[in-house]
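Shown next, in structure tokens, is the structure this report addresses.
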Number of protein chains: 2
Amino acid sequence: MTSPEFPAPEMSEVQLVDILRAVADPIRLEIVRVLADGEPHSKPGDEWGFDVHKSTLSHHFKALREGGLTLTFVSGRTHAIQLRRRELDEKFPGLIDALVTAGQSPAARPNSFGVRIR
Amino acid sequence: MTSPEFPAPEMSEVQLVDILRAVADPIRLEIVRVLADGEPHSKPGDEWGFDVHKSTLSHHFKALREGGLTLTFVSGRTHAIQLRRRELDEKFPGLIDALVTAGQSPAARPNSFGVRIR
DNA sequence: TTAACTGTTTGACAAGTATCAAACAATTGA
DNA sequence: TCAATTGTTTGATACTTGTCAAACAGTTAA
């Protein structure tokens, strides 16, 4: 079963600065970029490829959740994490996109038609 | 005369995380929002309306400059600060816009940090 | 030259944070 | 029931950071 989420703030209480503090870390920023599709991702430490202890990774997941960026679902003894993409896009328009897009080559960036130049 | 800028990094060396760390502070975020027009602004502490010591404000200006967000110009005994808007928009499309646009209703904002001048 | 002005730099300090390691809790499988 | 699995929590530590206060440096005015 997928049930008791870990506590996360209401989006109405989330301030822009909270979001920025949460992503102002290389590891957490990379996590957000991976989660950008808005789908749930399982979070076994191994698959992320970060060279940090599992407790450190857990600390970062907590920072993202408490910063208002993600939700955590528990399913058996595994957990899943999901970016609150819809809520974030509504309250902070363009922010997640900017975080994901930044640094990519211009050709890889979506244009106004949502289509990539080939 | 307007001349010796303080040292600022080349935009090619600026990482997204540096930018995010620089704006992940209430005072610096507000400064960036004010500077968002890309024009030079004089920086006498009084006009910003923050309730911090002048040396603290100077520290924040330095953080923005070293983070790659701003340039500082010296003119006589006054200084001016300017957001590197064009460069930032090119390298991090939509980011500054998102920071300025994001969140609170315009009415709720002018001083959402509760800080005042001393 | 001397004093006032504008802002930076340095020093000190409290608070926050990224990290590892070990202990812990819940679940699943044998 | 017992052991393995998955991830969190707690404790310790080193590092970073936001802040004030005081000293400093360059410029302008008297």
Side-chain angles (χ1 to χ4, degrees), chain A residues 1-8 15 17-32 40-67 69-82, chain B residues 1-8 15 17-32 40-67 69-82 113-118:
Chain A
M1 272 295 296
T2 189
S3 46
E5 294 176 7
F6 282 48
Q15 304 274 85
V17 167
D18 302 325
I19 300 289
L20 295 175
R21 228 183 352 234
V23 295
D25 173 276
I27 290 185
R28 292 199 293 267
L29 178 57
E30 181 58 26
I31 292 174
V32 167
H41 290 242
S42 63
K43 51 174 172 174
D46 326 23
E47 299 183 6
W48 292 92
F50 299 120
D51 189 19
V52 293
H53 196 276
K54 62 173 182 171
S55 59
T56 300
L57 204 49
S58 184
H59 157 74
H60 286 306
F61 286 139
K62 185 178 186 180
L64 288 172
R65 176 168 25 87
E66 295 185 341
L69 279 156
T70 62
L71 296 178
T72 296
F73 302 94
V74 178
S75 171
R77 65 185 172 191
T78 71
H79 296 195
I81 187 175
Q82 181 176 30
Chain B
M1 274 295 297
T2 188
S3 44
E5 294 176 8
F6 282 47
Q15 304 274 84
V17 167
D18 301 325
I19 299 289
L20 295 175
R21 225 181 357 233
V23 295
D25 173 277
I27 290 184
R28 293 198 293 268
L29 177 58
E30 181 59 24
I31 292 174
V32 167
H41 290 242
S42 63
K43 52 173 172 175
D46 326 23
E47 299 182 6
W48 291 91
F50 299 120
D51 188 21
V52 293
H53 196 276
K54 62 173 182 171
S55 59
T56 300
L57 204 48
S58 185
H59 158 73
H60 286 307
F61 285 138
K62 185 177 185 178
L64 288 172
R65 175 167 27 84
E66 295 184 340
L69 280 156
T70 61
L71 296 177
T72 296
F73 302 95
V74 178
S75 170
R77 65 185 172 191
T78 71
H79 296 194
I81 187 174
Q82 181 177 30
F113 312 109
V115 262
R116 222 163 300 113
I117 187 63
R118 113 171 359 186

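No engagement by A:Arg65 is indicated, since no non-hydrogen atom pair under 4.0 Å with the nucleic acid exists. Using a 4.0 Å heavy-atom criterion, one finds that B:Thr78 contacts the sugar-phosphate atoms exclusively. Using a 4.0 Å heavy-atom distance criterion, B:His59 is classed as a base contact.
Whole-Å rounding puts the A:Phe73 CZ to D:dT8 C1' distance at 18 Å. In this structure, B:Leu64 atom CG and D:dG18 atom C1' are separated by 14 Å, rounded to whole Å. We find that NE2 of A:His41 is positioned 15 Å from P of D:dG7, with the value rounded to whole Å. Rounded to whole Å, atom P of C:dG16 lies 10 Å from atom CZ of A:Arg21. Residue B:Asp25 contributes atom CG, which lies 11 Å from atom C1' of D:dT19 at whole-angstrom precision. As a whole-Å value, the separation of A:Asp18 CG from C:dT17 P is 11 Å. The separation between B:Trp48 atom CH2 and C:dT6 atom P is 17 Å, rounded to whole Å. Rounded to whole Å, the distance from NE2 on A:His79 to C1' on D:dT5 is 11 Å.
For C:dA18, the base has no donor-acceptor partner in the side chain of A:Thr56 [N/O atoms by modelled type, under 3.5 angstrom].
Using a 4.5 Å heavy-atom threshold, the side chains of B:Ile81 and B:Phe61 count as touching. Counting heavy atoms from C-beta on, the side chains of B:Ile27 and B:Trp48 never come closer than 4.5 Å. Between B:His60 and B:Leu64, every side-chain heavy-atom pair lies at or beyond the 4.5 Å cut-off. The closest side-chain heavy-atom distance from A:Arg28 to A:Val23 is not below 4.5 Å.
An OP1 or OP2 oxygen of D:dT19 is reached within less than 4.0 angstrom by a side-chain nitrogen or oxygen of B:His60.
The 5' end of DNA chain D is approached more closely, in terms of each residue's nearest nucleotide, by A:His53 than by the other of A:His53 and B:Arg77. In terms of position along DNA chain C, the nucleotide closest to A:Ala24 lies nearer the 5' end than the nucleotide closest to the other residue of the pair A:Ser55 and A:Ala24. Mapping A:Asp51 and A:Lys54 onto DNA chain C by nearest heavy atom places A:Asp51 closer to the 5' end of the strand.
Proximity note for A:Val52 (side chain, C-beta onward) versus C:dC20, D:dT17, C:dG7: the nearest is C:dC20.
Taking both residues in full, the closest heavy atoms of A:Ala80 and A:Pro40 are given as CB-CB, 4.5 Å, listed atom of the first, atom of the second, then distance.
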